[in-house]
Amino acid sequence: MTGKAKYLQAIYDQEGEHQLEAVTVKDLHAQKGNYLNKKIQINGWVRTVRSSKTFGFIELNDGTFFSNLQVVYDEKLTNFQEISKLITGSSINVAGELVESPGAKQPFELKAERIEVEGLSAPDYPLQKKRHTFEYLRTIAHLRPRTNTFSAVFRVRSVAAYAIHKFFQENDFVYVQTPIITGSDAEGAGDMFRVTTLDFDRTRRDEKKAVDFTKDFFGKETNLTVSGQLEAESYCLAFKKVYTFGPTFRAENSNTPRHAAEFWMVEPEIAFAGLKEDMHLAEEMLKFIISYVLEHCPEEIQFFNNFVDKLLLERLGNLVKSEFAQITYNEAIEILKKSGEQFEYPVEWGLDLQTEHERYITEKHFGKPVFVTDYPKEFKAFYMRLNDDGRTVAAMDLLVPGVGEIIGGSQREERLDYLKKRLGELGLNREDYWWYLDLRKYGGAPHAGFGLGFERLLMYLTGMANIRDVISFPRTPKNAEF
RNA sequence: UCCGAGGUAGCUCAAUGAUGGAGCAACCGGCUGUUAACCGGUAGGUUGUAGGUUCGAAUCCUACUCGGGGAGCCA
């Protein structure tokens, strides 16, 4: 028994005369020669039935491959009437011979000798064989993976996740799982989801009506993580090259197609390295992931190119070949000022770049991914390394057409005195960061890292315009159904 | 959170102050190679909720609610 086959359920036919192991549609396409003109068995779900008086066709999808398998059946089946009335969504088991198809739309088809109904669907099955809007499909998130689009999205998601691990593992990075429950407010930025076991109705409060968290589960205030970065830095300064890949939570009341309250983030961190190495890593990583997906999900990417975004293949192909652009914040301001564009928000040194500015730079001016570096320290986080000019930090954002900011990173401030000073300037409590400061005290080294929004990468990879359509069960403000 | 546009049959949409329709899905029937199959028929509605204007409201007004777009925050 092969390693793969042992996971497949062996199913016997009704008479128990011979045993056929269920094969997958993926195998049929991969090794057509092994199966053609032979008896096979397939499990799957009915996408549609086209029935005539004495014969009919079933589009069967078994979840392993993008395309359906066409099943041909006729009145020789003992349950012909039942099969002709099968409702979309029903699960069946089909045994028969795989033959070349006379139809133009598929290379082969299954001539059914026996069809067993595993689970009937119902007349009110919400998925039809016509196009549905993504908005409607979000209301049936438990059924949408059965559609072409979401089948493609989540296969790409799985392959992309694998590609991320493959890239880092093959480049000697150590995969670190940082905590999801955290006692530190990582960046002092953004609202966090509180984690507590306190009973709201019987919570002890002190004279100032403040909640007494010493009575809580952890004996202190805890939240869901907004970033694994600080913890990743700790492991970076032990393993030299590390990465995290896990869920992240932000309680911001963001209502946009690019934000979710729960999303996945990839956060590499490299020691004895600066911003240049950081950008190089980001570019190599993105190119690897995209190449890997292009190679391993050709049907899915072609589907997106046909039905979601006509320029997808061209854009992804170009990205893999081209060099990312790289400009400083200063240069970005110059470009915007000289652009002649009428922007709604002013362009001035010391003001942050607005979405419209970022879009102009990456979509119109360069037409490809752009690193923007060295922002004024005022609108960046405390841990970013201060540049020699004393007013900018070694930060970088990667902007890509269509999605916007996909990566945010920086060289970290490794100089203990600078870091302490910065904490003070921002009114952050030094004691809260004692262990983070220790990393600088005990053999600190220059290091850098970035955060990649996994869902934003998927949007870029698939052309899907809304983050809610690249997460299985999206969590957004006022929405945690399923 | 702010700004502007929406919610009509299971789905996608018509109907702009006067008897709420179509396509698809469902259900019944027909059809010997279909492929978003095709042909005929049946059923399906308190027009998001509440209130108001009017002789009369899906249509005009107000509030709420839901989904989405733009902005802010960011990945």
Expressed as a whole number of angstroms, how long is the span from [X]:[atom1] to [N]:[atom2]?
{"X": "A:Tyr73", "N": "B:U34", "atom1": "OH", "atom2": "P", "value": "15 Å"}
{"X": "A:Asn255", "N": "B:G67", "atom1": "CG", "atom2": "P", "value": "10 Å"}
{"X": "A:Phe245", "N": "B:A75", "atom1": "CZ", "atom2": "C1'", "value": "13 Å"}

Taking atom [atom1] in both [N] and [M], compute the distance separating them and give it to the nearest angstrom.
{"N": "B:C60", "M": "B:C55", "atom1": "C1'", "value": "16 Å"}
{"N": "B:G70", "M": "B:C27", "atom1": "C1'", "value": "44 Å"}
{"N": "B:C64", "M": "B:A9", "atom1": "P", "value": "24 Å"}
{"N": "B:G68", "M": "B:U62", "atom1": "P", "value": "25 Å"}
{"N": "B:A25", "M": "B:C11", "atom1": "C1'", "value": "7 Å"}
{"N": "B:G21", "M": "B:A14", "atom1": "C1'", "value": "7 Å"}
{"N": "B:G29", "M": "B:U34", "atom1": "P", "value": "24 Å"}
{"N": "B:A26", "M": "B:U12", "atom1": "C1'", "value": "16 Å"}

Hey, is the side chain of [X] pairing donor to acceptor with the base of [N] inside 3.5 Å?
{"X": "A:Gln128", "N": "B:G10", "answer": "yes"}
{"X": "A:His132", "N": "B:C11", "answer": "no"}
{"X": "A:Glu109", "N": "B:G33", "answer": "yes"}
{"X": "A:Arg50", "N": "B:C31", "answer": "no"}
{"X": "A:Glu59", "N": "B:U34", "answer": "no"}

Considering every strand shown, what is the Watson-Crick or G-U wobble mate of B:A22 when both distances are under 3.5 Å? B:U12
Go ahead and name the base partner of B:A50; Watson-Crick or wobble counts if both distances stay under 3.5 Å, otherwise write none. B:U62
Below 30° counts as parallel, above 60° as perpendicular, anything between as tilted: where do the rings of A:Phe154 and A:Phe150 land? parallel
Which word best sums up how the rings of A:Phe288 and A:Phe167 line up, parallel for under 30°, tilted for 30 to 60°, or perpendicular for over 60°? tilted
Here's a test for you: under side-chain contact (heavy atoms from CB on, under 4.5 Å), which of A:Leu399, A:Leu319, A:Val370 qualifies with A:Phe324? A:Leu319
Under 4.0 angstrom between [X] side-chain N/O and [N] OP1 or OP2:
{"X": "A:Thr54", "N": "B:U32", "value": "no"}
{"X": "A:Arg131", "N": "B:A25", "value": "no"}
{"X": "A:Lys130", "N": "B:C24", "value": "no"}
{"X": "A:Lys85", "N": "B:G29", "value": "yes"}
{"X": "A:Asn466", "N": "B:G69", "value": "yes"}

Checking ring pair (Phe, Tyr, Trp, His ring centres under 6.0 Å) for the pair A:Tyr73/A:Phe55: CA distance, chi angles, key distance, verdict? CA-CA 6 Å; A:Tyr73 66 94; A:Phe55 68 96; 8.2 Å; no
Reckon A:Tyr136 touches a base, only the sugar-phosphate, or nothing at all at heavy-atom distances under 4.0 Å? sugar-phosphate
Nearest of B:C24, B:C73, B:U1 to any side-chain atom of A:Ser254? B:C73
The nucleotide from B:U12, B:G69, B:A75 with an atom nearest the side chain of A:Met265 is B:A75
Near-ring test A:His29/A:Phe108, centroid separation under 6.0 angstrom: yes
A:Asp74/A:Lys53 ion pair, N-O < 4.0 Å: no
